[in-house]
Amino acid sequence: MAATSDSAREDVPPYRYTAALAAQIESRWQERWEREETFHAANPVGALSKGFTAVAGRRKYYLNDMFPYPSGAGLHVGHPLGYIGTDVLGRYLRMNGHHVVHTMGFDAFGLPAEQYAIETGQHPRVTTAANIETFRQQLRRLGLGHDRRRSVVTSDTGFYRWTQWIFLQIFEAWYDDAAGRARPLTALIAELDAGAREPAPGTNPFGRRWAALSQAERRHVIDDHRLAYLREAPVNWCPGLGTVLANEEVTAEGRSERGNFPVFRKPLKQWMLRITAYAERLLDDLERLDWPENVKEMQRNWIGRSAGARVRFPSLAGDIEIFTTRPDTVFGATYLVLAPEHPMVRALIAAIWPDGTREAWTGGAATPAEAMIAYQGSAARRTEVERQEIARTKTGVFTGSWATNPVSGARIPVFVADYVMMGYGTGAIMAVPGQDERDWEFAEAFDLPIVRTVEPPEDFRGKAYVGEGPAINSGFLDGLGIAEAKRRIVAWLEEHGVGAATVTYRLRDWLFSRQRYWGEPFPIVYDEVGLPVALPAAMLPVELPDMNDFAPPAYDPHDADTAPEPPLGRATEWATVTLDLGDGAKSYRRELNTMPQWAGSCWYEIRYLDPTNDRRFVDPEIERYWMGPRAPGDAGGVDLYVGGVEHAVLHLLYARFWQKVLFDLGYVSAVEPFRRLFNQGLVQAYAYTDERGVYVPAQEVEEHDGGFFWRGRPVTRQYGRMGKSLKNSVTPDEMYAAYGADTLRVYEMFTGPLDQSRPWETRAVVGSHRLLQRIWRTVIDEETGACRVADVAISDATLRLVHRTIAAVRDSIEGLRFNTAIARIAELNNHLTQAFAGRGVPRAVAEPLVLMLAPLAPHVAEELWSRLGHPCSLAWEPFPTANPARLVDETIEIPVQIDGKVRAIVLVASNADQAEMEHAARADARVAAYLAGRTVRKVVVVPGRLVNFVVG
RNA sequence: GCGAGAGUGGCGAAAUUGGCAGACGCGCUGGACUUAGGAUCCAGUGGGCCAAAAGCCCUUGGGGGUUCAACUCCCCCCUCUCGCACCA
């Protein structure tokens, strides 16, 4: 590494821009920005409104980064890529008349923070505070133009008090399907009491009207309406982490996203948030967002809307309801399949195998019950790897029962098979092997009848046919296309009361409890009969008790028979509390689970706006000013949200959900939290492993003879993430020491467009340092330290280049292509070095150069600006504007092609017409030589572009 | 398997959206200043033919097409990255 202290060398000019000088300049300007409150953004009202009148006429702009969780490893150079990008844009917008709010907080609750604390044997409160301090110092050195007053930490009581408050709003609300929005439960109760409505379907198991229900029954009905509710259901239990997880936190391989531990399904009573009520709106409103298409697509896939029908198949055990997207194929349903966990399986299992049961259907067992036990047992014993490998081979077992196809009247067998998931649709399907590949495979394996209901084309050679075609073997549907057949059959099903059109989502309700210590406690207590009671807002925050034995029990990660045990249960004094909640002092038990990692990040961007408000989570006027819709139909939200694509589903879906609840309840004016999303790329790096597969320090690896070596031993190289454990981390601190923060900023922005991943290359950083050195030298005499600005004439060519550079730099920054902005600045400076060598530079050139550099390398730009004689910071100085008249040259160089190949360059007036251009081209000696004795078949002249003679 | 995106010098990349391919850098080569150079400055640097220059030819993953003109538009294929994956 080039960590030299060259300023100490005698032959280095005394006023050269070196790492040492950069360090001085950077700390001086950082202090000054802080002292002068340069980046404080004023709210229209409230505690942070000082100075608002001065900026009231500006256009507001809310710029936000996905906030980091403060890990113990500190920052590496990959972390700040997005932060630098947003800072460049923020500074640019500020110089263009915008009123920019930009800050940075910390996502401090959650598993990573707690695990780090456990590893280091310290309390998470201590490690979190220390880690945040490290992050703040590293980030401060970057010179980010943030309003630090607005920084929030999700684990501070002043913050999580409001996370708890929002949970209470969710708890005290229900989704009014008729109105298409969430409403307070008080409104529901009023309408029920007034007889204006009856409980929603599925919430009243008592079979009597509201007016006839007892107090306890009414309580039950109300609890079933809540957007936050307790439910006993199979959840994702992860012994390795000691907690249950949301579906979004479990990988397709059935392991925890964090830590990669096995996850088991286990029935437990847990808090759920009714995100499914918002499925349609979460899907529809994606259209209103300026987000990367791949992220929208990921959310669409996760929500997984499919339109189809539910159909009831009568059986001796009762009606079996199935979901299908192809109701038109119902005549071809030759058997039913239930998921192994389906509640009706037990009732469907016959005592003995019916007569004529085929050998293949029994699995060799003596009775259906035995077969079922064997089948469920073999599924549970399979390892994940085996499940992946045999995922496509169909297994299952006959229940011994039959059902009736309600349309064709056919008697069809009922199977249980693990290719049907309990979590989707109704957990049961009608199998139509003729039109479904999976059903075909199963039908082949179990020798079941196959009836085609859509006629395949003549040349079709496959098995199941899923394409378009006329219906066959389908009674009154015969001859119809799929769409029309669907319409007819759904009408028929509804008319005969055996089915209905319906929409199903893949999205499940959000499992919201975690058996961990380091999270927000729920603002919930349980009364003497074990029912949850919300604490009044006045009792918030429910503070996390200070505990020394906060770690969850250490389970064997592979032991499915363990059970979660919230650490807060050990805080016995805290866990029981005597309260007067309106009916006298009584003893209550507290909720012992905590909220998941994602709770704080669901709304932190709102709190940034009004971080000190202790009466509301945000003042409505402040929220409307920064996040409100700009026009009717506009979703509102943060103007630009920058972060990694890894949050495409989890955080971004949860935050949208909370935003919509808050919107429905009238607390915020924006329907969406993030109007525009931008995914920055990763900074990647090479990592090296020795022959045992152990990582070796990447910085000590040498490349020679076509191979890589560490201490003389060959190592293998792989490319990927940067990380401490991979021994390929480079810290910003190393770069600050070697070159300064401005160099690091410029380097990171120079390696490519912001949305692209790029490799880190320490040896290339010097190029950005040299650029700053050269710009410094353009303005400052390295020997004397004097400003080189002089009263010298500017050529038209130079002036044009300045204006062209301004136009290009503006365009590049606005498109978040900072690499090309830097290239154009470098180009201009290279030109100035030549054009004004030894003469000093004109002010009219030096000043725009410095101002253009300012968003990218703000410290050195401020220093140069001040040395150019300006007493004030340039942070609010107008960004240079290009004069359109200065962009065009009087004469331009035009390529002349013969048959599409450039053979000459001629000079023509920029406004030359076609004839003049052709004339100029023919006048060129080389062109004339090429054309001599040949017939020109065609001449293409594009004014201002080129001339092409076609002779071939 | 399905969906999305991407393939340009040794490396990171650029190309006003169909008009001089490789801007700006790293690296490399040579030179200057030097006790020294892992500092700084200057020059050169896609490949080939040629002693060199001039000149000519080739070149944006591969193949075909449209066009006076294709990194850019169309068709087929290959490779890589990401997401989803028995979702009925």
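By convention in this document, chain letters (A, B, ...) are assigned in the order of the sequence lines, proteins followed by strands, and residues within each chain are numbered from 1.
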**OP:** Go through B:rC20, B:rG83, B:rU16 for me and flag the one nearest to the A:Met298 side chain.
**Re:** B:rG83
**OP:** Would you indicate what A:Ser757 reaches in the nucleic acid, counting non-hydrogen atoms under 4.0 angstrom: base, sugar-phosphate, or nothing?
**Re:** sugar-phosphate
Original post:
Ring centroid separation for A:Tyr17 and A:His769, is it under 6.0 angstrom?
Top reply: yes
Original post:
Closest nucleotide of RNA chain B for A:Val940 versus for A:Gly752: which of these residues is on the 5' side?
Top reply: A:Gly752
Subject >> Within 6.0 Å of NZ in A:Lys296, more than 12 heavy atoms from elsewhere >> reply: yes
**OP:** Looking at every strand, decide which applies to A:Ile825 at a 4.0 Å heavy-atom threshold: base, sugar-phosphate, or nothing.
**Re:** nothing
Original post:
A:Phe442 CZ to B:rC86 P: how many Å, rounded?
Top reply: 17 Å
**OP:** Ignoring backbone atoms, establish whether A:Asn819 has a side-chain N or O less than 4.0 Å from OP1 or OP2 of B:rG25.
**Re:** no
**OP:** If the glycosidic angle is within 90 degrees of 0 it's syn, otherwise anti, so just tell me which one B:rU72 is.
**Re:** anti
Subject >> Presence of A:Arg770 side-chain N/O under 4.0 Å of B:rU40 phosphate oxygens OP1/OP2 >> reply: yes
Original post:
For A:Val420, which contact category applies under a 4.0 Å heavy-atom criterion: base, sugar-phosphate, or nothing?
Top reply: base
Original post:
Are side-chain N/O atoms of A:Trp776 and A:Thr778 paired as donor and acceptor at under 3.5 Å?
Top reply: no
**OP:** Among B:rG25, B:rA13, B:rC26, find the nucleotide with the atom closest to the side chain of A:Glu761.
**Re:** B:rC26
**OP:** Under 4.0 Å between any heavy atoms, over every strand shown, what does A:Gln897 touch: base, sugar-phosphate, or nothing? Just pick one.
**Re:** base
**OP:** Mind checking A:Asp439 for me? I need base, sugar-phosphate or nothing, with any heavy atom below 4.0 Å counting as a touch.
**Re:** nothing
Original post:
In terms of the nearest nucleotide of RNA chain B, which residue is placed more toward the 5' end: A:Gly427 or A:Asn294?
Top reply: A:Asn294
Subject >> Atom CD of A:Glu341 with >12 non-hydrogen neighbours under 6.0 angstrom >> reply: yes
Original post:
Side chain of A:Thr820: nearest nucleotide among B:rC86, B:rA14, B:rC20?
Top reply: B:rA14
**OP:** May I have the distance from A:Glu827 (atom CD) to B:rG22 (atom P), rounded to whole angstrom?
**Re:** 12 Å
**OP:** Verify the contact: side-chain N or O of A:Ser306 to OP1 or OP2 of B:rA88, cut-off strictly under 4.0 Å; return yes or no.
**Re:** yes
Original post:
Can a side chain N or O of A:Arg774 be found less than 4.0 Å away from OP1 or OP2 on B:rG25?
Top reply: yes
Subject >> Polar side chain donor-acceptor pair, A:Tyr424 to A:Ser306, under 3.5 angstrom >> reply: yes
**OP:** Verify whether one side chain among A:Thr276 and A:Tyr505 offers a donor that lies under 3.5 Å from an acceptor in the other.
**Re:** no
Original post:
Side chain of A:Pro753: nearest nucleotide among B:rA23, B:rA14, B:rC42?
Top reply: B:rA14
**OP:** Taking only the side-chain nitrogens and oxygens of A:Arg817, find out if one of them lies under 4.0 Å from OP1 or OP2 of B:rA13.
**Re:** no
Original post:
Between atom CD1 in A:Ile429 and atom C1' in B:rA88, what is the gap in whole Å?
Top reply: 5 Å
Original post:
Is the A:Tyr747-A:Trp760 ring centre distance short of 6.0 angstrom?
Top reply: yes
Original post:
Once you round it to whole Å, what is the distance between P of B:rC20 and CE of A:Met917?
Top reply: 13 Å
Subject >> A:Leu853 side chain near A:Ile775 side chain, heavy-atom distance below 4.5 Å >> reply: yes
Subject >> Pairing stems for RNA chain B [at least three consecutive pairs; Watson-Crick or G-U; under 3.5 angstrom] >> reply: B:1-7 with B:78-84, B:10-12 with B:24-26, B:27-32 with B:40-45, B:46-49 with B:55-58, B:61-65 with B:73-77
Original post:
Which of these nucleotides, B:rG3, B:rA23, B:rC68, is closest to any side-chain atom of A:Glu297?
Top reply: B:rG3
**OP:** Using atom CD of A:Glu341 as one end and atom P of B:rC86 as the other, report the distance to the nearest whole Å.
**Re:** 14 Å
**OP:** Give me the one residue out of A:Phe442, A:Trp440, A:Phe446 that meets ring-ring contact (aromatic ring centres under 6.0 Å, His included) with A:Tyr335.
**Re:** A:Phe442
Original post:
Can you check whether A:Arg777 has a side-chain N or O nearer than 4.0 Å to OP1 or OP2 of B:rC41?
Top reply: yes
Subject >> Contact under 4.0 Å: A:Asn829 side-chain N or O vs B:rC24 OP1/OP2 >> reply: no
Original post:
Which of these nucleotides, B:rA88, B:rC56, B:rG19, is closest to any side-chain atom of A:Leu946?
Top reply: B:rG19
Subject >> Presence of A:Tyr930 side-chain N/O under 4.0 Å of B:rG55 phosphate oxygens OP1/OP2 >> reply: no
**OP:** Look at the side-chain N and O atoms of A:Arg903 and state whether any lies under 4.0 Å from the OP1 or OP2 oxygen of B:rC56.
**Re:** yes
**OP:** Give one of base, sugar-phosphate or nothing for A:Arg763, where a contact means two heavy atoms less than 4.0 Å apart.
**Re:** sugar-phosphate
**OP:** Under 4.0 Å between any heavy atoms, over every strand shown, what does A:Ala823 touch: base, sugar-phosphate, or nothing? Just pick one.
**Re:** base
Original post:
B:rG9: syn or anti, with syn meaning chi within 90° of zero?
Top reply: syn
Subject >> Minimum-distance nucleotide to A:Gln773 side chain [options: B:rC24, B:rA88, B:rU40] >> reply: B:rU40
**OP:** With rounding to the nearest 0.5 Å, note down the distance linking CG in A:Asn829 to CE in A:Met852.
**Re:** 10.0 Å
Original post:
A:Val902 near the nucleic acid: base, sugar-phosphate alone, or nothing, with a heavy-atom cut-off under 4.0 Å?
Top reply: sugar-phosphate
Original post:
Between B:rC84, B:rG83, B:rC86, which nucleotide has the shortest distance from any of its atoms to the side chain of A:Tyr419?
Top reply: B:rC86
